[in-house]
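See structure below.
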Amino acid sequence: MLKWKENYLVSENIKNPEKIKQKLEKGKLTYDIYLLTLSENPDNLLDIIAAPMLIQKSFYRICPMIIGMARGKEEAMEMVKNLISEVYQETGSFRVAEYLENR
């Protein structure tokens, strides 16, 4: 089962995020959906994952906590930019995980 942040971020162009979430949970293919996750690499803040990667069972099992969903790579990158900007403006740091936990 995928791990989802409560109140995960959703881009403007996603009309029914719960329906997409259910498809992803069932392992169904979804095109043009990108997921934002907290990075497990200490050198990175966030990762952007193309949803079709979840078709691979090994990747599905190790997928980090999902904090956002976007339609298209451009929207995903814009969401990351906006989130990091917000974190820095609010806290003066880049501790995204802590910020989201206390949000």
Side-chain angles (χ1 to χ4, degrees):
M1 174 165 277
L2 297 172
K3 299 169 285 228
W4 294 83
K5 171 99 174 91
E6 190 176 328
N7 300 322
Y8 57 92
L9 305 168
V10 178
S11 71
E12 295 175 9
N13 287 330
I14 293 184
K15 303 300 180 218
N16 192 342
E18 282 303 310
K19 184 176 180 181
I20 295 170
K21 181 180 174 183
Q22 288 173 359
K23 283 178 127 178
L24 293 171
E25 291 285 346
K26 292 177 182 176
K28 293 187 177 179
L29 193 58
T30 55
Y31 292 102
D32 206 30
I33 297 295
Y34 289 81
L35 305 171
L36 280 59
T37 67
L38 296 172
S39 181
E40 295 192 348
N41 179 341
D43 293 333
N44 298 335
L45 297 174
L46 301 167
D47 289 326
I48 298 173
I49 300 168
M53 293 287 292
L54 297 175
I55 295 291
Q56 299 175 41
K57 290 180 183 178
S58 60
F59 190 82
Y60 182 94
R61 284 192 297 272
I62 64 167
C63 183
M65 170 144 332
I66 299 167
I67 63 163
M69 180 190 308
R71 183 166 305 282
K73 190 182 262 187
E74 293 294 322
E75 275 194 16
M77 289 190 291
E78 188 68 25
M79 282 180 73
V80 166
K81 182 187 90 166
N82 291 340
L83 178 59
I84 291 173
S85 254
E86 179 181 327
V87 170
Y88 187 74
Q89 287 175 1
E90 295 288 324
T91 67
S93 74
F94 293 104
R95 295 183 178 145
V96 177
E98 286 176 24
Y99 177 78
L100 290 173
E101 190 175 306
N102 298 318
R103 190 173 182 198

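Numbering of residues begins at 1 and proceeds along the displayed sequence.
- The structure places CD1 of I66 at 9.0 Å from NZ of K3, a figure rounded to the nearest 0.5 Å.
- Here the straight-line distance linking atom CE of M53 with atom OG of S58 works out to 8.5 Å at 0.5 Å rounding.
- Here CG of L35 is found 10.5 Å from CD1 of I48. Values are rounded to the nearest 0.5 Å.
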Which donor-acceptor pairs under 3.5 Å do the side chains of residues 72-85 make with protein atoms, sequence neighbours left out?
| unit_1 | atom_1 | unit_2 | atom_2 | d |
| --- | --- | --- | --- | --- |
| E75 | OE1 | S11 | OG | 2.4 |
| E75 | OE2 | N13 | ND2 | 2.1 |
| E78 | OE2 | K81 | NZ | 3.3 |
| N82 | ND2 | E78 | O | 3.3 |

In a table with atom names and distances, give each donor-acceptor pair under 3.5 Å that connects a side chain of residues 91-103 to protein atoms at least two apart or in another chain.
| unit_1 | atom_1 | unit_2 | atom_2 | d |
| --- | --- | --- | --- | --- |
| T91 | OG1 | V87 | O | 2.7 |
| T91 | OG1 | S93 | N | 3.1 |
| T91 | OG1 | S93 | O | 3.3 |
| T91 | OG1 | S93 | OG | 3.1 |
| S93 | OG | R95 | N | 3.4 |
| Y99 | OH | E86 | OE2 | 2.5 |
| N102 | ND2 | E98 | O | 3.0 |

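- Tracing side-chain contacts under 4.5 Å through hydrophobic residues (I, L, V, M, F, W, Y), one reaches I49 starting from V10; they form part of the same cluster.
- Interatomic distance, CG of L2 versus OH of Y60, reported as 4.0 Å (0.5 Å rounding).
- When the side chains of ILVMFWY residues are joined at heavy-atom separations under 4.5 Å, either directly or via intervening members, M69 and L54 end up in a single hydrophobic cluster.
- At most 12 non-hydrogen atoms from other residues, nucleotides or ligands lie less than 6.0 angstrom from OH of Y88.
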Taking distance alone, no hydrogens or angles, what donor-acceptor pairs closer than 3.5 Å link side-chain atoms of residues 14-34 to residues at least two apart or in another chain?
| unit_1 | atom_1 | unit_2 | atom_2 | d |
| --- | --- | --- | --- | --- |
| N16 | OD1 | K19 | N | 3.3 |
| E18 | OE2 | Y8 | OH | 3.1 |
| E25 | OE2 | W4 | NE1 | 2.6 |

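- Taking the side chain to side chain contact (heavy atoms under 4.5 Å, CB included) definition, one finds that N44 meets it with S39, N41, D47, sequence neighbours left out.
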